[in-house]
Amino acid sequence: MAATLKDVATLAGVSIKTVSNVVNGYDFVKPVNRRKVLEALEATGYRPHRGARNLRRGRTGFIALVLPELNIPYFAELTGLIITAAQQHEWGVLIEQTQGTRGQERAALASMGPYLIDGAIVSPQALEAADFAELSPAVPLVLLGEHAVDVPFDHVAIDNVRAARTAVGHLARIGRRRIAAIGHNPHRGTAALRLTGYREALAEAGIPERGELIVTALEYHRRDGAEAMAHLLDLPEPPDAVFCFNDLLALGAMRKAAERGLRIPEDVAVVGFDNTEESAFSIPSLTTIAPDKAAIARTAIELLRRRGAETFAVQDIQIPFTLEIRESTNDLTVRSV
């Protein structure tokens with residue numbers, strides 16, 4: 001039979017209330033009594049009932065995480081980090097995959113009630129401002145990534161314009177002049193920002209923008225990168241460098257270049273975005289923009305925690321990033337600019 005609070009209290013020689021205070025993490029317990037309770041907890045093997053404890057605290061013990069696609073490595077890695085950060089606050093994570101469609105994103109918002117979850121972290125792609133009316137006002141919400149709508153919710157992201165400008169500026173500095181972009185998508189706010197950064201970097205380097213070098217990708221998978229690269233390599237003047245809006249696009253692009261007999265980076269340099277684990281182990285390894293994903297996870301969870309306990313102004317927090325330079329751009333050949 002499982003041990004009870006009464007069993008622990010009897011063994012420790014304290015009241016049931018004192019045991020409850022220790023179990024629930026309250027500070028106002030005498031050190032000597034806390035020690036007795038902790039020893040009794042270990043001796044009896046008592047395990048608190050999570051549901052009952054959360055009910056007493058006025059919380060569910062769960063948060064929701066709404067993402068477009070779990071088979072995108074960036075989102076899979078971020079999910080693991082969010083789960084780890086949530087566990088520090090004794091939260092379980094309920095995961096919803098939307099495929100980035102407005103209908104599924106709206107349905108996810110509508111399903112969130114204060115009696116089901118303590119808050120939500122959402123990475124939207126298609127939501128419009130009016131859709132947020134579907135969310136209960138009692139549910140704290142943190143948005144991840146870039147969104148094209150102006151809504152009064154906490155927001156955590158990196159500076160996508162500056163990150164893209166950094167990536168393309170790196171390609172220009174190693175002497176590349178026909179720099180393509182793979183990932184333009186009029187339906188993704190993040191894509192628009194990365195395209196802006198691409199254009200700004202070209203302008204700063206004095207490189208004319210060429211429309212044929214900007215390729216749309218409606219999805220951000222390896223096959224989309226390969227198809228876009230095939231199109232670019234069939235141009236009369238193919239690119240000597242490619243900036244891809246995520247790592248999967250870049251990996252697909254590198255595969256297609258290799259199939260065409262091109263050397264990376266000697267013939268065409270490639271930069272990705274997201275610094276997923278695969279990027280460090282591809283052949284060649286992929287130069288990529290590396291957001292601090294762990295900081296994104298910690299910050300989002302901390303905002304939810306604070307929203308549940310206090311009132312403060314809406315936060316728009318930018319997380320740092322770095323450019324991880326690897327073999328796909330590490331060309332030591334001297335080029336004239």
Side-chain angles (χ1 to χ4, degrees), residues 1-67 70 76-96 108 111-122 135-142 144 153-154 156 292-315 317 319:
M1 181 181 296
T4 66
L5 282 180
K6 184 178 179 180
D7 296 330
V8 176
T10 299
L11 182 60
V14 299
S15 68
I16 293 177
K17 180 63 175 175
T18 297
V19 175
S20 177
N21 287 339
V22 173
V23 169
N24 285 291
Y26 297 132
D27 294 329
F28 46 84
V29 178
K30 292 180 180 178
V32 62
N33 287 339
R34 183 181 299 279
R35 178 179 55 78
K36 290 179 180 179
V37 170
L38 292 174
E39 291 174 351
L41 287 170
E42 183 175 356
T44 60
Y46 172 81
R47 293 293 180 270
H49 188 281
R50 180 177 179 180
R53 183 172 61 183
N54 285 329
L55 185 62
R56 290 193 299 271
R57 291 180 177 179
R59 53 180 274 176
T60 69
F62 291 95
I63 62 170
L65 175 61
V66 181
L67 299 169
L70 286 173
E77 293 176 13
L78 184 61
T79 295
L81 292 166
I82 288 174
I83 289 172
T84 298
Q87 288 171 340
Q88 302 304 310
H89 300 283
E90 298 185 325
W91 269 324
V93 181
L94 306 176
I95 301 170
E96 183 77 25
S111 69
M112 298 174 188
Y115 301 108
L116 299 174
I117 58 173
D118 297 322
I121 299 172
V122 179
L135 180 72
S136 167
V139 176
L141 178 68
V142 175
L144 300 183
F153 295 105
D154 295 326
V156 180
D292 189 340
K293 293 188 283 287
I296 292 172
R298 290 193 305 269
T299 302
I301 290 296
E302 179 62 17
L303 284 169
L304 283 188
R305 185 198 66 78
R306 290 181 60 198
R307 283 285 169 209
E310 57 185 285
T311 300
F312 53 94
V314 172
Q315 303 290 295
I317 299 176
I319 301 299

Would you mind reporting whether [Y] and [X] have side-chain heavy atoms less than 4.5 Å apart?
X      : Y      : value
Leu41  : Val37  : yes
Ile121 : Val93  : no
Thr299 : Val142 : no
Phe153 : Val122 : no
Ile82  : Trp91  : no

Looking at [atom1] of [X] and [atom2] of [Y], how far apart are the two atoms once the value is rounded to the nearest 0.5 Å?
X      : Y      : atom1 : atom2 : answer
Leu70  : Glu96  : CG    : CD    : 10.0 Å
Leu116 : Ile63  : CG    : CD1   : 14.0 Å
Leu78  : Lys293 : CG    : NZ    : 8.0 Å

Heavy-atom donor-acceptor pair, [X] side chain to [Y] backbone, under 3.5 Å:
X      : Y      : result
Glu90  : Gln88  : no
Asp154 : Gln315 : yes
Asp118 : Gly61  : yes
Arg298 : Leu81  : no

Which pair of heavy atoms, one from [X] and one from [Y], lies closest together, and at what distance?
X      : Y      : value
Pro140 : Leu304 : O-CD2, 3.7 Å
Ala297 : Ala85  : O-CB, 4.2 Å
Val139 : Met112 : CG2-O, 4.0 Å

Exercise for review: Output yes when Glu39 and Lys36 qualify as a salt bridge under the 4.0 Å nitrogen-oxygen rule, no when they do not.
Suggested key: no
